[in-house]
Amino acid sequence: MASRPSKKLRVERDTMGEMHVPGDALFGASTQRAVLNFPVSGRPIPVEVLKAFVHLKWACAEANAEFGQVAKGKTRKIISACRQLLKGLDGKDEKPSSWWQDQFPIDVFQTGSGTSTNMNMNEVISNLACLASGSKLGSRDPIHPNDHVNQGQSSNDTFPTAMQIAGVTSIHSDLIPALKELSKQLHAKAAAWDSIVKTGRTHLQDATPIRLGQEFGGFAAQIDYGILRAERAAKRLAENLPIGGTAVGTGINTHSKFGRSVAAELTSRLKISFKEAENHFEAQATRDCVVEASGSLKTIAVSLSKIANDIRWLSSGPRCGIGELSLPAIQPGSSIMPGKVNPVICESVMQVACEVVGNDTAITMGGFGGTGSLLQLNVAMPLMSYNLQESIALLANASSILAEKAIKGLEVNEETATNFVERSLMMCTTLAPVIGYEESARLAKEAFASGATIRELAHSKNVAHPDHINSALDARAMTGTSKPKRASSKTKKRKAATKR
């Protein structure tokens, strides 16, 4: 079990007076005051945002050293503390990562600017540097949380920057790889099943034939476009960092090249191209880039739900449904019906999609003027950062389980799929140019009433020459010549350009 701060207390002061703080906690009075002020949900700031904050504070320390804003000896202590903190949050320290995360106890439903979390981070880094220097917790000597760790910064530009860094890194490290694996599995099925002709369906009613490979090629294309959307979302977040704008976008109390230097340092360390915002007043007064990114995530969620739901329908049965596909049996489906197996992975993915759409609604509301954005600052940033990170994580995990536990082991019941084609009343569609639309419709109605196939009736009624009937009712020919393809070279070039 993770260790917790002891019950022994120490007394610290902030600008509002004394505050009792857990004796061995790395945070200080400002953090403890926020803990008491916001006992709302029990949900802390996501660890991905905390890590992004550490990288940001490290980059800010480098910039302050470069411009002589903080003595190099002090910046080295800040950087050393950041390195130790990252190691702890990554679980590479002797204390478990949960202990380190406990040092950031403030609820996500806090001050809308994220000031409490920014000060929480400043205090933890300050105290780590003080301990390394032989000073006591809370001494603020030799590293002060405001004067040194927060030099040249404001909560108003650090929190939005950290939430964007977190979004970018999570999209690149988690979501895009998961989507690529799902795309790979779908393309493999599309290629393997391209020769299987089955009936299409629109409005849940029989339609003209389609090849199973074409159907899965459509699924694969949805995910390929999803990858492009994820890449574009990450790019937009990365190229619009608010850092350097400080309080209201004017850059007061910081060096004019501070934001540019921080972005360059982040680019060097995280191997992702970051840029200072071209317009700090837009970057801080709004969270439009986050709303935009969330919209892309919502679209990916819709794609995943469509794929999962279609596969769920096609695998319905096994005897009294469509039954063209068989999902892997991974768990019993009923506590009362023996032998029942349900499409549980599809259902899980569809629930994830619902949650992501809900998260997008919360992010959209957070971005609205009057709800989240107020003149020179958005005041719903912790909420937006939490939901953005959750959406990225949910989509990455859902994509992974869909690929590994559903698509990879998915099987086709070829006889069932092909038998449906000959029985389909919509086979009459290609007879319409031969015998006319109304005659074809009458043929379909009679076939439905009698139980005969379109082919059988067409021949028995001599509606056309037998060769013309057979040629018109060639199901394979009805599906065209297109084969499922991966992204074209033009699309790949767009992908490469997006990454750059």
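- Note that CG of Asn122 and CD of Gln151 are 11.5 Å apart. Values are rounded to the nearest 0.5 Å.
- Shown here for Val70 and His148, the closest heavy-atom pair between the two residues is CG2-O, 4.1 Å.
- Rounding to the nearest 0.5 Å places CG of Leu394 at 9.0 Å from OG of Ser348.
- To the nearest 0.5 Å, atom NZ of residue Lys408 and atom CD of residue Glu181 are 7.0 Å apart.
- Checking side-chain atoms of Asn118 against main-chain N and O of Gly114 turns up no donor-acceptor pair under 3.5 Å.
- The only option from Arg236, Arg232, Arg287 that meets the salt bridge (charged side-chain N to carboxylate O under 4.0 Å, His left out) definition with Glu292 turns out to be Arg236.
- Put simply, the residue from Thr361, Asp360, Asn387 that forms a side-chain hydrogen bond (donor to acceptor under 3.5 Å, both in side chains) with Ser294 is Asp360.
- Proximity of a side-chain donor or acceptor of Asp14 to a complementary backbone N or O of Gly17 within less than 3.5 Å is detected.
- Within 6.0 Å of atom CG in Leu36, more than 12 heavy atoms from other residues, nucleotides or ligands are found, so the atom counts as buried in its surroundings.
- Just one of Ile223, Val352, Leu304 meets the side-chain contact (heavy atoms from CB on, under 4.5 Å) condition when paired with Leu402; it is Leu304.
- A donor and an acceptor atom, one from each side chain of Lys298 and Asn359, are nowhere located under 3.5 Å apart.
- Judged purely by atom type and a 3.5 angstrom limit, Ser126 uses its side chain to pair as donor or acceptor with the backbone of Ile143.
- To the nearest 0.5 Å, the span separating CE on Met381 from OG on Ser155 amounts to 8.0 Å.
- Judged as a ring-ring contact (aromatic ring centres under 6.0 Å, His included), and not counting sequence neighbours, His55 has no contacts.
- Remark: Arg76 CZ is loosely packed, at most 12 non-hydrogen atoms of other residues, nucleotides or ligands lying under 6.0 Å away.
- A donor-acceptor distance shorter than 3.5 angstrom exists from the side chain of Thr286 to the backbone of Glu282, with no hydrogens or angles considered.
- A donor and an acceptor atom, one from each side chain of Glu48 and Ser170, are nowhere located under 3.5 Å apart.
- The shortest heavy-atom contact between Gly152 and Phe258 is O-CE2, 3.6 Å.
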Please lay out, stage by stage, how Arg269 and Trp58 fare under the test side-chain contact (heavy atoms from CB on, under 4.5 Å).
CA-CA 10 Å; Arg269 188 167 334 106; Trp58 184 336; 3.1 Å; yes
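- Phe53 and Phe159 have perpendicular rings, their planes meeting at more than 60° on a 0 to 90° scale where under 30° would count as parallel.
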How far apart are the C-alpha atoms of Leu137 and Leu26, what are their side-chain angles, what is the distance that settles it, and do they pass the side-chain contact (heavy atoms from CB on, under 4.5 Å) test?
CA-CA 7 Å; Leu137 285 170; Leu26 296 176; 4.0 Å; yes
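- With a 6.0 Å radius and a threshold of 12 heavy atoms from other residues, nucleotides or ligands, Arg260 has its CZ atom at or below the threshold.
- Panel note: side chain Asp157, backbone Gly244; a donor-acceptor pair is recorded below 3.5 Å.
- By the 4.5 Å heavy-atom criterion applied to side chains, Asp93 and Trp99 are not counted as neighbours.
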Result block: side-chain N/O donor-acceptor pairs under 3.5 angstrom for residues 80-92, not counting sequence neighbours:
from, atom 1, to, atom 2, distance (Å)
Asp90, OD1, Lys51, NZ, 2.8

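- Counting only distance, with no hydrogens or angles, the side chain of Gln389 and the backbone of Pro46 share no donor-acceptor pair below 3.5 Å.
- A heavy-atom distance below 4.5 Å is not found between the side chains of Asn156 and Thr246.
- Gly167 and Leu388 get closest at one heavy-atom pair: CA-CD2, 4.3 Å.
- With contacts defined as side-chain heavy-atom distances shorter than 4.5 Å, the pair Thr111/Pro382 does not qualify.
- Neither side chain, Ser135 nor Ser133, offers a donor N or O lying under 3.5 Å from an acceptor on the other.
- Counting heavy atoms from C-beta outward, Val349 and Ile307 have side chains that stay 4.5 Å or more apart.
- Remark: side-chain polar atoms of Thr161 are paired, donor with acceptor, to backbone N or O of Ile243 under 3.5 angstrom.
- Checking side-chain atoms of Ser139 against main-chain N and O of Lys136 turns up a donor-acceptor pair under 3.5 Å.
- Nearest heavy atom pair, residue Ala230 against residue Leu179, reads CB-CD1, 4.4 Å.
- Smallest separation of non-hydrogen atoms from Ile171 and Ala233: CD1-CB, 4.4 Å.
- Partners of His280 under the side chain to side chain donor-acceptor pair (under 3.5 Å) rule, at least two apart in sequence or in another chain, are Glu276.
- Interatomic distance, Met350 CE to Asn309 CG, rounded to the nearest 0.5 Å: 3.5 Å.
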Is there a side-chain contact (heavy atoms from CB on, under 4.5 Å) between Leu270 and Val168? Walk through the geometry before answering.
CA-CA 10 Å; Leu270 297 176; Val168 172; over 6 Å; no
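- The environment of CD in Glu411 is sparse: at most 12 heavy-atom neighbours from other residues, nucleotides or ligands sit within 6.0 Å.
- In this structure, Ile106 and Ile45 have side chains that are not in contact, with every pair of non-hydrogen atoms separated by 4.5 Å or more.
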Take His187 and Asp224 through the test side-chain hydrogen bond (donor to acceptor under 3.5 Å, both in side chains) and record every step on the way to the result.
CA-CA 10 Å; His187 276 293; Asp224 289 342; 2.8 Å; yes
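- At distances below 3.5 Å, at least one donor-acceptor pair connects side-chain atoms of Thr158 with backbone N or O atoms of Ser154.
- Counting only distance, with no hydrogens or angles, the side chain of Ser315 and the backbone of Arg312 share a donor-acceptor pair below 3.5 Å.
- Using a 4.5 Å heavy-atom threshold, the side chains of Ile272 and Thr267 count as separate.
- Between Lys77 and Leu128, the closest side-chain pair of non-hydrogen atoms is not below 4.5 Å.
- Expressed to the nearest 0.5 Å, how far CD of Gln110 lies from OG1 of Thr115 amounts to 8.0 Å.
- Annotation: side chain of Leu327 is in contact with side chain of Leu410 (closest heavy-atom distance under 4.5 Å).
- Across Leu56 and Ala162, no two heavy atoms sit closer than the pair CD2-N, 4.2 Å.
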Could you walk me through whether Phe109 and Leu383 pass the side-chain contact (heavy atoms from CB on, under 4.5 Å) check?
CA-CA 6 Å; Phe109 296 102; Leu383 161 73; 3.9 Å; yes
